[in-house]
Amino acid sequence: MAKYLLLKHYRGAPAAVNDVPMDQWTPEEISAHVQYMNDFAARLEATGEFIDSKALAPGGMFVRYDGEGRPPVTDGPFAETKDLIAGWMVIDVDSYERAVELAGELSAAPGAGGRPIHEWLELRPFLTDSPTVTECSLK
Amino acid sequence: MNEILLRSLTPSVLGILVRRGADFAAAEDAVQDALVKAVHVWPADPPRDPKGWLVTVAWNRFLDATRADTARRRREDLVDEEPAPGPASAVDDTLQLYFLCAHPSLTPSSAVALTLRAVGGLTTRQIAQAYLVPEATMAQRISRAKRTVSGVRFDQPGDVATVLRVLYLVFNEGYSGDVDLAAEAIRLTRKLAAAIDHPEVAGLLALMLLHHARRAARTAPDGSLVTLAEQDRGRWDTESIAEGVEILQAALAHDRLGEFQAQAAIAALHADAPTAGETDWVQIVEWYDELARLTDSPVVRLNRAVAVGEADGPRAGLAALAALDNSLPRHTAVAAYLHERDGDLATAARLYAEAAHQAPNLAERDHLTRQAARLNARRSR
């Protein structure tokens, strides 16, 4: 019972093995990829491990407070930003090993030539609420 | 309407349906439907016999579902025959349900969800909210769990230890939401203790009561952690402590020590100290030795190092810590604490910051960051 975030990067992750940009795939390869992602999410829902999945638009900007009575300052988008998040999936699983296993499966989504992309996904544990028993928890 | 009363009837109603010949999965669905109906109907029209009402409604639901299921095939005799109510062995049924819902073939999260629904009488939505999981996901988790145990015979005795682990998980890893999972774990453990005479069941119940007693004192109004030493002991629930101690003493008298009794004994020694300074750390170290012997858990040895640091001084604690794998969760936090006690504030501040980085939960991370900040501020003055 631990929640993990699987982060997919537009940029910032090491290069995938099958590293061909999506706009150079065939339409059928794109469909197969989308189908794989949908099936994966549906399967996790059936196993009771799915929490959420969302994709992000690549464009965005930075915003910050600029002092009392002034509108926030916006800046960007920065083309040179090293890290760019493409989307995420949140899972709730019984073990870290299971989280790694699922991330591996998701990374096997088919890309160019119908072959697995072997994309690097970032796996991040959620911080939890604190346990009730603290001074002699057996876990 | 008393929701706890309603929910406390769940396992015995479910047991009656199963004894009448309903399979567990279908019976459980029918009982859940009856509970939902009761929530809507009872406030305006309370039944004279709540349990009888639930049995009737659930049984009819089961028949309806079975009819719908078999209409396409052939009608079975079962559906037209209204059996006599079963014998009044509700206690045994409840015990069997605990075993089934904690069956070793289930993953921990499935066993927790199934126990809360079939024994605890919570709705899927309540369980989903409590664990911050979408309702559809929780519904799948539960129906999958029911499929997993569908082949298990209802009248087979189970292993109490697996049930205790599930209840401990509900108590210890409960999140927030409308349902107070710690209180629910206590309610279910209390019921189990009434159904079976077992010192470890009593030990777990005592452990829960002793920890629950400190709940109000464990967090500051801003949600930050208050350590055991700094808690306002006047806010501890003395009634809960007294009950926990009494249950523990009766359990220990059986002379069949187990890990939950040993944990409860440690909690009782903390509860017993009027101030943190009066804690009997020497006895606590002895209980950790027992616990280490019973479980061989490195986490127990880590906690023992803290106790040794209090009983024999921080140097002794650090020596005990040196024997342990430093990749253990909270190892760095313990090292930071012992170094601070030993007067090495620079090392302590560095280790607190490092421990904050590794903390598994938000409250602990914030707590450790504050400790580092406190020492850094003192050193720069």
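Just so we're on the same page: letters track the sequence lines, and every chain starts at 1.
The CG atom of A:Leu44 sits 11.5 Å away from atom CD of B:Gln140, with the distance rounded to the nearest 0.5 Å. Note that the CZ atom of A:Phe126 and the CG atom of B:Leu132 stand 10.0 Å from one another [nearest 0.5 Å]. Within the model, atoms CZ of B:Arg141 and CD of A:Glu49 stand 7.5 Å from one another, a figure rounded to the nearest 0.5 Å. Within the model, atoms OG1 of A:Thr47 and CZ of B:Arg144 stand 5.5 Å from one another, a figure rounded to the nearest 0.5 Å.
Here salt bridge (charged side-chain N to carboxylate O under 4.0 Å, His left out) pairs that include residues 23-43 of chain A, with residues two or more places apart or in two chains, are A:Arg43-A:Glu105.
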- Full working for side-chain contact (heavy atoms from CB on, under 4.5 Å) between A:Leu127 and B:Arg365: CA-CA 9 Å; A:Leu127 287 175; B:Arg365 185 184 72 183; 3.5 Å; yes
- Task: Kindly indicate, with the supporting measurements, whether the criterion side-chain contact (heavy atoms from CB on, under 4.5 Å) is fulfilled by A:Asp92 and B:Thr137.
- Result: CA-CA 10 Å; A:Asp92 187 29; B:Thr137 294; over 6 Å; no
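For a residue to count as touching a neighbouring chain, one of its non-hydrogen atoms must lie under 4.5 Å from one of that chain's; by this rule B:Val112 touches chain A with the side chain only. Neither the backbone nor the side chain of B:Arg215 comes within contact range of chain A; no heavy atom of the residue lies under 4.5 Å from a heavy atom of that chain. Proximity to chain B is limited to the side chain of A:Asp94, based on heavy atoms less than 4.5 angstrom apart. Contact annotation for B:Ala145: neither backbone nor side-chain heavy atoms come within less than 4.5 Å of a heavy atom of chain A.
Shown here is A:Trp25, whose CH2 atom has more than 12 heavy atoms of other residues, nucleotides or ligands within 6.0 Å. Within 6.0 Å of atom OH in A:Tyr96, 12 or fewer heavy atoms from other residues, nucleotides or ligands are found, so the atom counts as exposed in its surroundings.
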